Amino acid sequence: MASSNLSVATWNINSVRLRMPIVGRFLTEQAPDILCLQEIKCQEHQFPYEAFRALGYEHFAVHGQKGYHGVATVGRVPFHEFSRHDWQDNGEARHVGIELEGPGQGTVIENVYIPAGGDEPDRAINPKFGQKLDFLGRMTRWAETVDRPTLIVGDFNVAPLESDVWNHKALLKVVSHTPIEVETLQGFMDAHGWQDIGRQHRSAPERYYSWWSYRSKDWKAGDRGRRLDHMWASPELAAQSVAHHVHEDCRDWEKPSDHVPLVTEFDL
DNA sequence: ATGTCTGAGACACTCAGA
């Protein structure tokens, strides 16, 4: 079978309706084949389908809910929705899976928004933190059953490595970089042998961030970022990734998301 | 780092979630 090129992007967009102008700019400039969005913050009937179609993106898998969370995968290549997991077991819209039908036919792409987990890293006093760990636990049990080449991308809300945060020691007790989260995410990784494509192309300890808080007048001041967004693949699929890009410039665009998009190019 | 965004509900402003 002839090889085909495929590019996949992931971006926590923090309201797709409010952010459609910069989504359009990104798709025009980068033209990924597939774009996985998290935190679309709308119901399925409110999703801006026509704006995407006008940009050449005519394939959709939207799993939304009112106001919060929500994920959507859009493509300029064909696919069909494959699955919707509720790894928190509470009805929140945090996952959608697709299977490609054209280029990369048969490849599965899972789009996930792992819960942020609240402020206090203690499940006894902060139920959200427990829910985050339990979400990862259910993902881990699912990963043990994955038996075909799969790409899983999204906002994992965990920065596992020291070089994934601006200050390792300062963040050890901050949710997203605590040892229990890092250990739990590692358990998920080991359950399938996922390969961290970002770090495959930008090896630790090189600085790599994908998120900078809004709670700073100048997001560049001190470069206080974290790598919360990830693209992980089955070993055989990861070996077919030929390039990886972190679009930090998008953090400076008009009305930006606090996350920036990541893109991986594959030669399948 | 208790600061800055977003959407919902209600109609000027909180509140939750991140």
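Proteins come first, then strands; the chains are lettered A, B, ... in the order of their sequence lines, and each starts at number 1. Given the structure is predicted, the values throughout are model-derived calculations rather than measurements.
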(message) Using the salt bridge (charged side-chain N to carboxylate O under 4.0 Å, His left out) criterion, which residues pair with A:E50? Sequence neighbours excluded.
(response) A:R53
(message) Rounded to whole Å, please give me the gap between NE2 in A:H69 and P in B:dC5.
(response) 21 Å
(message) Under the ring pair (Phe, Tyr, Trp, His ring centres under 6.0 Å) definition, can you give me all pairs with a residue in residues 144-166 of chain A, not counting sequence neighbours?
(response) A:F156-A:H230, A:F156-A:W232
(message) Test of understanding: with side chain to side chain contact (heavy atoms under 4.5 Å, CB included), list the residues that count as partners of A:P121, not counting sequence neighbours.
(response) A:F129, A:V175, A:T178
(message) Going by the rule side chain to side chain contact (heavy atoms under 4.5 Å, CB included), which residues pair with A:D190 if we only count those two or more places apart in sequence or in a different chain?
(response) A:Q186
(request) For B:dT4, take OP1 and OP2 only and decide whether either is under 4.0 Å from a side-chain N or O of A:R224. (result) no
(request) Quick one: list whatever passes side chain to side chain donor-acceptor pair (under 3.5 Å) with A:E101, sequence neighbours left out. (result) A:H80
(request) Quick one: stems involving DNA chain B, counted as three or more successive Watson-Crick or G-U pairs, both distances short of 3.5 Å. (result) B:4-9 with B:13-18
(request) Kindly write out the residues that satisfy side chain to side chain contact (heavy atoms under 4.5 Å, CB included) with A:A54, not counting sequence neighbours, or none if the list is empty. (result) none
(message) Counting only heavy atoms and a strict 4.0 angstrom limit, can you tell me which residues of residues 113-131 of chain A come near DNA chain B?
(response) A:Y113, A:A116, A:K128
(message) Suppose we screen for side chain to side chain contact (heavy atoms under 4.5 Å, CB included). Which residues come up paired with A:N167, at least two apart in sequence or across chains?
(response) A:K169, A:A170
(message) Contact list please: residues 18-26 of chain A against DNA chain B, heavy atoms, distance less than 4.0 Å, in numerical order.
(response) A:L18, A:R19
(request) Only counting residues at least two apart or in another chain, list the ones meeting salt bridge (charged side-chain N to carboxylate O under 4.0 Å, His left out) with A:R19. (result) none
(request) Would you mind listing every side chain to side chain donor-acceptor pair (under 3.5 Å) that reaches into residues 114-129 of chain A, with sequence neighbours excluded? (result) A:R123-A:D134
